[in-house]
Structures are given as structure tokens and as C-alpha cells.
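Contents: one structure, followed by commentary.
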There are 2 protein chains.
Amino acid sequence: MHEQLAIGEAARASGVKVPTIRYYEQIGLLPSPPRSEGNRRLYGEGDIRRLAFIRHARELGFEIEAIRTLVSLQDDPDQPCAAADALAKQHLETVEQRIRSLTALKGELEAMVEGCRHGRIDECRVIEVLADHGQCRHAHH
Amino acid sequence: MHEQLAIGEAARASGVKVPTIRYYEQIGLLPSPPRSEGNRRLYGEGDIRRLAFIRHARELGFEIEAIRTLVSLQDDPDQPCAAADALAKQHLETVEQRIRSLTALKGELEAMVEGCRHGRIDECRVIEVLADHGQCRHAHH
DNA sequence: CTACATCCTCTAGCGGCTAGAGGAGCAAGC
DNA sequence: GCTTGCTCCTCTAGCCGCTAGAGGATGTAG
């Protein structure tokens with residue numbers, strides 16, 4: 001029986017750091033837990049689960065606002081899950097877009113690095129490409 | 001002959017927004033230009049070129065600190081370009097790493113979305129996976 | 001009883017801008 | 001000359017998602 005955990009133990013159990021837990025409480029993402037006689041926060045199992053949920057969603061790159069919606073959905077299990085699905089899909093698109101533009105950047109950087117003859121700055125391909133945008137096939141966002 | 005440009009014209013010519021130009025001056029990335037009688041900033045061609053250089057480097061995802069080095073290299077054309085090359089290579093690696101982890105996330109998100117049966121929240125795969133980390137093969141950073 | 005860990009609150013900082021207030025300057029039309 | 005409306009100036013605060021640190025209270029082990 002370890003019903004009530006101090007914030008440090010909650011941090012260890014959930015993988016969310018102590019100041020981050022306090023921060024989540026401050027922005028209203030985590031409810032304010034009850035306090036001990038000595039004014040310390042006491043977390044129950046439900047809180048730990050919610051923290052782990054938040055942490056995993058953050059690791060998957062969801063924004064706090066999206067997570068706010070996801071946790072409220074989680075608290076309301078009778079609702080249809082279309083909203084959660086939509087959020088995940090939307091986020092998937094964002095991630096795909098990000099991968100596409102990073103891949104384009106990767107191509108440009110590779111061209112820069114390959115073109116470098118390791119001579120002096122004034123004939124350096126890296127600096128050249130940066131100075132003259134026209135030299136690269138940068139697809140604009 | 002349009003030697004001296006006001007900040008708005010410099011912004012249009014370089015593609016860097018007005019407040020961003022002032023910000024770059026404030027952090028010492030762009031030298032403080034001379035002023036007109038009426039205290040307005042006056043930019044020459046060299047400034048426009050530097051701004052375009054910075055903008056392009058930012059578009060390629062270089063951090064301000066890296067750009068600080070790159071512009072100082074650019075100003076010193078007799079130096080060997082190993083330093084510029086190293087910066088570009090290092091950045092390329094960062095970008096590749098970022099692509100790898102985003103691709104992993106993409107896989108997880110796809111699994112979540114595909115697994116969703118569009119029923120109620122309490123049987124929603126999206127919420128489930130978020131709640132229980134063990135259900136996904138998330139490779140930890 | 002003394003260390004030492006953990007907790008508390010509060011404020012400020014990170015990067016890279018962006019937004020807004022409140023005011024001065026300037027060019028064109030009447 | 002006067003007004004309109006645009007650009008410019010400085011200064012401060014806000015964005016996101018934390019992270020760090022000051023300065024103090026509380027809890028626990030030896």
C-alpha cells in the first residue's frame with residue numbers, strides 16, 4: 001500500500017520531472033492534488049497514470065493544447081473517439097510535413113558538404129551556397 | 001543608385017522582417033547601421049547581402065550561434081574552410097537524427113490511427129496507446 | 001541534535017522571434 | 001500650411017515548454 005506518493009516519487013514513477021509536474025499543475029493540465037500536513041503534494045495512482053499518459057503524448061510530439069483535449073477525452077469514455085482520431089491524424093500530417101521539409105534540407109546540406117573542396121573560405125561551397133540563394137534548389141515552404 | 005535603404009526596404013530586399021532585423025542588431029548578429037538625420041537606420045548593399053545570408057542559413061535550420069560563426073568566417077576569406085565544413089556536417093547530422101526520430105513517431109502515429117475502430121473512447125486505440133506505453137514499440141531517445 | 005534530502009514558493013531565463021503601446025518623422029494631396 | 005496616413009523609433013511583454021536558481025520550511029536517519 002503506497003497510496004499517496006510525494007512529488008519526487010511521482011516523478012520517478014511517471015518519468016516526468018519534478019518541476020515539470022509542478023508546471024503541469026500550474027497550467028491546469030494536472031489537477032492540484034491534496035496536500036499533507038506539512039503542505040506537500042500527495043499523488044495517487046490515477047495521477048501517476050495521467051502523468052505517464054501526458055509524458056507519452058509529449059514524446060509523440062503532441063502539443064500541450066492537444067494533450068489537454070486528449071486527457072479530457074480519456075476522462076469521458078462514452079464519447080465517440082472521432083475527436084481523438086482526428087487529433088492523431090492531424091498530428092500525423094504535421095509530422096509528415098516536417099519530415100518532408102527536413103529531408104529537403106538534408107539534400108541541400110549534403111550538396112554543400114560534398115561540394116566543399118576544403119580550400120579557403122573564398123572558394124568554399126558551404127559559404128557560397130549560403131550567400132547566394134540562387135545556387136541551390138531550395139523549394140520554398 | 002539606391003545606396004541607402006530604410007529598414008522596410010531592406011526587409012523587402014532581404015526577405016527578413018523588420019522587427020527581426022532590429023532583433024538581429026540587438027543580439028549583435030548584424031552591425032548597427034548608420035542613422036539618418038531623423039534617426040532612421042540606413043542599410044547598404046553589404047547589409048542586405050548579410051541579411052540574405054542569415055535568412056538562408058536560418059531556412060536551412062542553422063542556429064543563431066552557428067550563423068554567428070558562419071558570418072565571421074565569411075568575413076575572413078583567407079581562412080581554410082574546414083570550420084564552415086565542420087559546422088555544415090554537424091548540422092547535417094542533427095537533421096538526420098531528427099528525421100530518424102520523426103520517422104519513428106510517424107510509424108507509431110500510423111499504427112494508432114489505423115488501429116482506431118471509430119467506436120467509443122473506452123475502446124479507442126489512440127487513447128489506449130497513449131495511456132499504456134507498453135503497447136507500442138517506442139524506441140527511446 | 002545535526003546533517004542532509006526533499007519539499008515549498010517565487011522569479012527569471014532559454015531560443016528566436018512576434019505583437020503592441022505610445023510617440024516622432026516624412027511625403028503627398030488639398 | 002495642414003491633414004492624412006504611412007513608416008519609423010523605443011520599450012516592454014508574450015509565445016512554448018520547460019529549466020534553473022534563490023531562499024526557506026519540513027522530514028528522516030544516524
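First the proteins, then the strands, lettered A, B, ... as listed; each starts at 1. Since this is a predicted model, take the numbers as computed values, not measurements.
- One N or O on the side chain of A:Arg55 and one on the backbone of A:Ser14 form a donor-acceptor pair closer than 3.5 Å.
- At most 12 heavy atoms of other shown residues, nucleotides or ligands fall within 6.0 angstrom of atom CD in B:Glu63.
- In summary, A:Glu123 and A:Arg120 do not engage in a salt bridge, as defined by a charged side-chain N under 4.0 Å from a carboxylate O.
- Near-neighbour residues of DNA chain D inside residues 27-40 of chain A, defined by a heavy atom below 4.0 Å, number-ordered: A:Gly38, A:Arg40.
- Note on B:Arg68: every side-chain N or O is 4.0 Å or more away from OP1 and OP2 of C:dG15.
- The existence of a salt bridge linking B:Arg50 and B:Asp75 is confirmed by a sub-4.0 Å separation between a basic side-chain nitrogen and an acidic carboxylate oxygen.
- Contact annotation: B:Lys17 side-chain N/O to C:dT18 OP1/OP2 distance is under 4.0 Å.
- One interatomic measurement links the two molecules: CG of A:Leu5 to P of D:dG27, which rounds to 17 Å at whole-angstrom precision.
- Not one side-chain nitrogen or oxygen of B:Arg41 sits closer than 4.0 Å to the OP1 or OP2 atom of D:dC8.
- A:Arg22 comes within 4.0 angstrom of a nucleotide base, judged by non-hydrogen atoms across all strands.
- Look at B:Thr20 and you won't find any side-chain N or O under 4.0 angstrom from OP1 or OP2 of C:dG16.
- For A:Tyr23, the listed nucleotide lying nearest its side chain is D:dC18; candidates were D:dC8, C:dG16, D:dC18.
- Checking B:Gln26 against B:Ile7, the closest nucleotide of DNA chain D that is more toward the 5' end is the one next to B:Ile7.
- Taking every side-chain heavy atom of A:Tyr24 into account, D:dC18 is the closest of C:dC7, D:dT10, D:dC18.
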